[in-house]
Protein chains: 2
Amino acid sequence: MALSDRKKRILRAIVETYIATAEPVGSKAVAELAGLDVSTATIRNEMADLTEQGFLEQPHTSAGRIPSAAGYRLYVNELMDRQQLTLQETQRINDALNLKMEELDRVIDRAGKVLSQISDYPVFTMAAAKERITVKRFDLLMVEDNAFIAVVMTDNSVVKNKLIHIPGGLSDPQLQMLSAVLNSSFVGLSREEMEETLDKMETRTAPGAFELIALVVEFAMEVLADQRQQKFHAAGITNLLEHPEYRSLDKAKPLMAYLSDEGEEHRLPATLDTGKNMNILIGPENVNDALKDTSVVMASYDIGDNMRGVIGVVGPTRMDYAKVTARLSYFADSLTRMFGKELPPPEEPEE
Amino acid sequence: MALSDRKKRILRAIVETYIATAEPVGSKAVAELAGLDVSTATIRNEMADLTEQGFLEQPHTSAGRIPSAAGYRLYVNELMDRQQLTLQETQRINDALNLKMEELDRVIDRAGKVLSQISDYPVFTMAAAKERITVKRFDLLMVEDNAFIAVVMTDNSVVKNKLIHIPGGLSDPQLQMLSAVLNSSFVGLSREEMEETLDKMETRTAPGAFELIALVVEFAMEVLADQRQQKFHAAGITNLLEHPEYRSLDKAKPLMAYLSDEGEEHRLPATLDTGKNMNILIGPENVNDALKDTSVVMASYDIGDNMRGVIGVVGPTRMDYAKVTARLSYFADSLTRMFGKELPPPEEPEE
DNA sequence: TTTAGCACTCGAGGAACATGAGTGCTAAAC
DNA sequence: GTTTAGCACTCATGTTCCTCGAGTGCTAAA
């Protein structure tokens, strides 16, 4: 399976020109670009070999060759140069991330948007919490006579609140009592445990009080559910239309639809808990049908200690892998760093 | 300018078949569909008149006619039947809205999604607050030693919070003091007034305390800004691709891009403070360039007493106006009703 | 092992042509 | 005066056929 150096150079030339032009590459073009001092005939022989070995494909008898999924895979694994980002680009990224730091969601959204702009492909983002999230504390604040604010803080430091109206009104001692019950019985419990506890409590608590408790606990459960759920978000979907493989709407539509329906639970393209923090899936390597003809380059990053996020670029198999991976890995590192973790200095790639 | 009854019937037949088929309508088709007992030749004469008066257009000499913007306008204003929604559809809408009632944003998003599904067009939503929003109260909750939660409630009953870390920690009395200052000096102020007050305060307050105050007030100002800003959101963008006028990517792209960039300040398609609560903009009537070839049907609804929202459907000028307006007006009414306002019973349209 | 030469394949692009839907006009019919 | 039938004309669409050329595989010579 080990390819000769010359074969590698040829393959690389083909992949790169195909990435650039989106058109099958013929022997003549390779002869010029690969920097080898051999004739087109020799190249043709080598190309025939590569085709036989499954690294190249012919759309039809007399067109040039295009890389197969295996060809891209080899390119990505062994042949590709790491690209450097320009100063301008790093600047752009940093700006986007530092800007206020605001809320987690918004930073991530913004990150997706910028990445999509500098990579020319759509970008999706996803954040997944660790398995077990619990509520760290409850706070209740009376407002006016007939409503209070319930503030729930989870152990991954997310704080959510809700305005709860109660027809009858509530006295201060009642409120404190409620707060005490919540903080003593529901702190440290997972969603499921909360549900159990609530059930048990129902029988041996005064009905009026129980309903109030249930109201707040249900809200807390929603918050936990919301945290655990993977939030899928996509940016720059229209970038897809820039690339010739999606000029035909029949191709573009399923993928766009897949990226668009943000709310739905997203069968995530691949495990995000593999050790590596950069992952490339080429065409058929994707499980999901909508992605069969596309490649996904994704990187994961840490959000504090308890959560992990994924940010990924979606594009045609003929994607500019070198460019994308460079930008993506810088992005992921920046995100991790900004969420508070120190990174080891990046290893220099040995060339 | 008053058209004969026959001309109206012909125009209506043309608009409706063109809406259904997306293809120029010829005299023969009209003769069959309009329910008039005249020959195609007569129809042709009438169609020639209508073309001259600007209600119809010819793509080229020997194709059928298509409605012009003026034609659609006439159709919408006078000719169109109001459609009834099926029981199933109202059911669907009600489900989508009632489901939990949760947060305002989420309900609206969900509404957009459902509307987009039942109308087959993309839908945008927008919410705009009234002019002056102020903070109604501040609450501060200590968590751990080095952080507290700031809870801000605005006078339109939106509650937001933020976790604020402070290196040194804060004693309980300090916290209460802070809370007192905030509630006495910053409640009832608009964003701009807050800024002023903060500036004045800077000179005559202890530096340490001032920074804390500034931290919270800045957050409150963000909340207010966020409220005032019109939030534009779109759903079902890929529905666009279902319609033949957007099969060509060059047509689809600008519009998709316009709908996609949610974050940006959106030059809103039209005033939402016109008295009417249903508004139809046909093709060139749109100010925005990206919408020049599309129609927008939008309805506004009230969110409580202080805010107003707009929900709109975007599609080709050949849009099924009858269907869309029916669904949209039901939607807008439902939204208004669900946000607490009693509606007068709908007037029966006199036919 | 490499190269030159050559016949072969096959898609892209273009010209020529037929088709047919739809039109406008005119003259006859009502 | 209005409606209708008839007819010539226009023009987008689809089809066929052809050429062109890039690229291939194979063979024989270097």
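In the text below, chain A, chain B and the rest are named by the order of the sequence lines, each starting its count at 1. The model shown is predicted, which means the values in this text are computed figures rather than measured ones.
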*Asks:* Considering heavy-atom distances to DNA chain D, does B:H60 or A:A29 have its closest nucleotide positioned more toward the 5' end?
*Replies:*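 By nearest-heavy-atom nucleotide position, the 5'-most residue is B:H60.
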*Asks:* Listed in order of residue number, which residues of residues 38-50 of chain B have a non-hydrogen atom at under 4.0 Å from DNA chain C?
*Replies:*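 Nucleic-acid contacts, sorted: B:R44, B:M47.
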*Asks:* Give a yes or no on whether B:N45 atom CG has more than 12 heavy-atom contacts from other residues, nucleotides or ligands under 6.0 Å away.
*Replies:*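 Yes, CG of B:N45 has more than 12 neighbouring heavy atoms, counting only those of other groups under 6.0 Å.
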*Asks:* Assess whether a salt bridge exists between B:E57 and B:R65, defined as any Lys/Arg side-chain N lying under 4.0 Å from an Asp/Glu carboxylate O.
*Replies:*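 No, this pair does not count.
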*Asks:* Looking at A:S27, does any N or O in its side chain come under 4.0 Å of the phosphate oxygens OP1/OP2 on D:dT24?
*Replies:*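 Yes, because at least one side-chain N or O of A:S27 sits under 4.0 Å from OP1 or OP2 of D:dT24.
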*Asks:* Strictly below 4.0 Å, N to O, side chains only: are B:E16 and B:R12 in salt-bridge contact?
*Replies:*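 Salt bridge flag = yes for B:R12 with B:E16.
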*Asks:* With a 4.0 Å cut-off on N to O distance, would you call B:R6 and B:E46 a salt bridge?
*Replies:*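 Result for this pair is yes, salt bridge flagged.
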*Asks:* Does a nitrogen or oxygen in the side chain of A:Q58 sit under 4.0 Å from OP1 or OP2 of D:dG25?
*Replies:*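 Checking A:Q58 against D:dG25: at least one side-chain N or O falls below 4.0 Å of OP1 or OP2.
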*Asks:* Find the partner of D:dT2: check Watson-Crick (N1-N3 plus N6-O4 or O6-N4) and G-U wobble (N1-O2, O6-N3) distances, both under 3.5 Å, and reply none if neither fits.
*Replies:*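 D:dT2 is paired with C:dA29.
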*Asks:* Expressed in angstrom and rounded to an integer, what is the separation of B:E52 atom CD from C:dT23 atom P?
*Replies:*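 Going from B:E52 (CD) to C:dT23 (P), I get 15 Å.
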*Asks:* Given D:dG25, C:dT2, D:dT3, identify the nucleotide with an atom nearest to the side chain of A:R6.
*Replies:*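 That would be C:dT2.
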*Asks:* When you get a sec, tell me which of D:dT24, C:dC10, C:dT23 is the closest nucleotide to the side chain of A:R65?
*Replies:*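 Among the listed nucleotides, the one closest to the side chain of A:R65 is D:dT24.
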*Asks:* Within the distance-only criterion (no hydrogens, no angle test), does the side chain of B:T238 pair as donor or acceptor with the backbone N or O of A:M256 below 3.5 angstrom?
*Replies:*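 No, the answer is negative, given that no donor and acceptor are paired below the 3.5 Å cut-off.
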*Asks:* Find the partner of D:dA29: check Watson-Crick (N1-N3 plus N6-O4 or O6-N4) and G-U wobble (N1-O2, O6-N3) distances, both under 3.5 Å, and reply none if neither fits.
*Replies:*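 Pairing partner: C:dT2.
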*Asks:* What are the two closest non-hydrogen atoms of B:S27 and B:T40, and how far apart are they?
*Replies:*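 Heavy-atom minimum between the residues: CB-O, 3.8 Å.
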*Asks:* Less than 4.5 Å apart, any side-chain heavy atom of B:T317 and any of B:D293?
*Replies:*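 Not in contact.
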*Asks:* Any N or O donor-acceptor pair under 3.5 Å from the base of C:dT9 to the side chain of A:S62?
*Replies:*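 A donor-acceptor contact between them is present.
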*Asks:* Please give, in whole Å, the distance from C:dT2 P to A:L36 CG?
*Replies:*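 Atom CG in A:L36 sits about 11 Å away from atom P in C:dT2.
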*Asks:* Rounded to whole angstroms, how far apart are OH on B:Y18 and P on C:dG22?
*Replies:*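 Those two atoms, OH and P, are 14 Å apart.
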*Asks:* What is the distance, rounded to the nearest whole Å, between atom NZ of A:K28 and atom P of D:dG21?
*Replies:*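 To the nearest whole Å, that distance equals 12 Å.
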*Asks:* What is the pairing partner of D:dT15, taking Watson-Crick or G-U wobble pairs with both distances under 3.5 Å in any strand?
*Replies:*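 Across all strands, the one nucleotide that pairs with D:dT15 is C:dA16.
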